Undergrad: 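Just passing along the structure, written as structure tokens.
Bear in mind the structure is a predicted one, so any value in this text is a computation, not a measurement.
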Amino acid sequence: IEKPVTTVSVPVPPPPPPPKISKKDSIRALLPPLTDPTTFRNIIMPTAESLGKGRAFAGSYDVVGLIGGYGITDRLTVIGGGTYVPAAISQLLVGTVGAKWEFLREGEVSMAVGGHVGYSSIPESDITLAAPFAVASYGDRESRLNLAVGYTWKHHVTPFETFNRKAAVVGIGGDITLGRGFK
């Protein structure tokens with residue numbers, strides 16, 4: 001005797017009720033996430049993070065200071081910038097170019113070495129500077145502590161004298177994300 005074919009159906013359960021979301025949270029859910037696009041640097045010092053191969057950035061400080069960089073490889077970044085203010089306003093010329101190579105990337109620890117050369121000119125003085133550095137960073141893009149050490153060689157020319165100065169440099173910096181758009 002052949003067995004008859006039988007079927008059983010079960011109704012789909014109703015979906016769970018939506019979670020209670022405050023008006024403030026519902027607005028945040030609609031906003032795209034914000035990420036800091038320049039975690040490879042603090043305002044006045046580098047971090048050990050490299051820019052990334054093929055990535056570039058352009059920025060400005062107080063509209064007049066322009067800066068830009070490019071990731072040649074995943075670990076090598078070049079950066080340069082400057083400003084020009086004509087004599088009719090104040091007469092200032094500043095330029096810098098440098099590179100940074102991230103040689104260690106293990107979890108939350110990264111280390112890099114690099115260097116910059118710079119030039120600054122106003123009517124009263126001209127300064128040429130070379131500064132190699134090493135920087136270690138601990139943390140991630142949300143919060144990071146940075147320690148940089150370097151050395152500078154400065155050649156300074158004024159109408160009255162020409163002199164050279166050398167100095168060791170230590171920098172400590174960091175950042176922490178406090179909330180959306182607040183670092």
Undergrad: If you round to the nearest 0.5 Å, how far is CD of Glu49 from CZ of Arg141?
TA: 4.5 Å

Undergrad: What verdict does the side-chain contact (heavy atoms from CB on, under 4.5 Å) test give for Leu147 and Val170, after you've listed the backbone C-alpha separation in whole Å, the side-chain angles of each residue and the deciding distance to 0.1 Å?
TA: CA-CA 7 Å; Leu147 173 64; Val170 175; 4.2 Å; yes

Undergrad: Evaluate the side-chain proximity of Glu106 to Leu104: yes if any heavy-atom separation is below 4.5 Å, no if none is.
TA: yes

Undergrad: Taking all atoms of both residues into account, what is the closest heavy-atom pair of Arg144 and Ser137, and its distance?
TA: CD-CB, 3.7 Å

Undergrad: Would you say that Leu66 contacts Thr83 through its side chain, given a criterion of any heavy-atom pair below 4.5 Å between the two side chains?
TA: no

Undergrad: Is it the case that one hydrophobic cluster holds both Leu145 and Met111, taking links as side-chain heavy atoms less than 4.5 Å apart, direct or via other members?
TA: no

Undergrad: Which residues pass the ring-ring contact (aromatic ring centres under 6.0 Å, His included) test with Tyr84, sequence neighbours left out?
TA: none

Undergrad: Heavy atoms only: give me the nearest Trp153-Pro132 pair and the separation to one decimal.
TA: CZ3-CD, 3.4 Å

Undergrad: So, using salt bridge (Lys or Arg N to Asp or Glu O under 4.0 Å) as the criterion, who are the partners of Asp74 when residues are at least two apart?
TA: Arg105

Undergrad: Are Leu129 and Tyr151 in one and the same hydrophobic cluster, where Ile, Leu, Val, Met, Phe, Trp and Tyr link if side-chain heavy atoms are under 4.5 Å apart?
TA: no

Undergrad: Identify the two heavy atoms, one from Gly71 and one from Leu51, that lie closest to each other, and give their separation to 0.1 Å.
TA: N-CD2, 3.6 Å

Undergrad: What is the minimum heavy-atom distance between Ser90 and Pro123, and which atoms define it?
TA: O-CD, 4.4 Å

Undergrad: Ser110: what forms a side-chain hydrogen bond (donor to acceptor under 3.5 Å, both in side chains) with it, not counting sequence neighbours?
TA: none

Undergrad: Using every non-hydrogen atom in the two residues, find where Ser120 and Val94 come nearest and quote the distance to one decimal.
TA: OG-CG2, 4.2 Å

Undergrad: Evaluate the side-chain contact (heavy atoms from CB on, under 4.5 Å) criterion for residues Val169 and Phe133: first the C-alpha distance (whole Å), next the side-chain angles of each, then the deciding distance (0.1 Å), finally the verdict.
TA: CA-CA 9 Å; Val169 178; Phe133 64 87; over 6 Å; no

Undergrad: List for me each residue that meets ring-ring contact (aromatic ring centres under 6.0 Å, His included) alongside His156, sequence neighbours excluded, and say none if there are none.
TA: Phe163

Undergrad: Lys100 versus Thr47: any side-chain heavy-atom pair under 4.5 Å?
TA: yes

Undergrad: Could you walk me through whether Ile79 and Ile67 satisfy the side-chain contact (heavy atoms from CB on, under 4.5 Å) test, starting with their C-alpha distance in whole Å, then the side-chain angles of each, then the deciding distance to 0.1 Å, before giving a yes or no?
TA: CA-CA 7 Å; Ile79 190 170; Ile67 189 167; 3.8 Å; yes

Undergrad: Please check if Trp101 and Val78 belong to a single hydrophobic cluster, counting links between Ile, Leu, Val, Met, Phe, Trp and Tyr side chain heavy atoms closer than 4.5 Å.
TA: yes

Undergrad: Measure across Ser50 and Arg75 and return the closest heavy-atom pair with its distance rounded to 0.1 Å.
TA: OG-CA, 3.5 Å

Undergrad: Let me see the working for Ile127 and Val157 under side-chain contact (heavy atoms from CB on, under 4.5 Å), right down to the final yes or no.
TA: CA-CA 6 Å; Ile127 298 172; Val157 177; over 6 Å; no

Undergrad: Just jot down the side-chain hydrogen bond (donor to acceptor under 3.5 Å, both in side chains) partners of Thr96, sequence neighbours excluded, or say none.
TA: His116

Undergrad: Just to verify, what does Glu108 make a side-chain hydrogen bond (donor to acceptor under 3.5 Å, both in side chains) with, not counting sequence neighbours?
TA: Tyr138

Undergrad: In the structure I gave you, are the side-chain heavy atoms of Thr77 and Ile72 within less than 4.5 Å of one another anywhere?
TA: no

Undergrad: Does either side chain, that of Asp126 or that of Ser121, offer a donor lying less than 3.5 Å from an acceptor on the other one?
TA: yes

Undergrad: Would a distance-only check, ignoring hydrogens and angles, find a side-chain to backbone donor-acceptor pair under 3.5 Å from Lys53 to Leu76?
TA: no

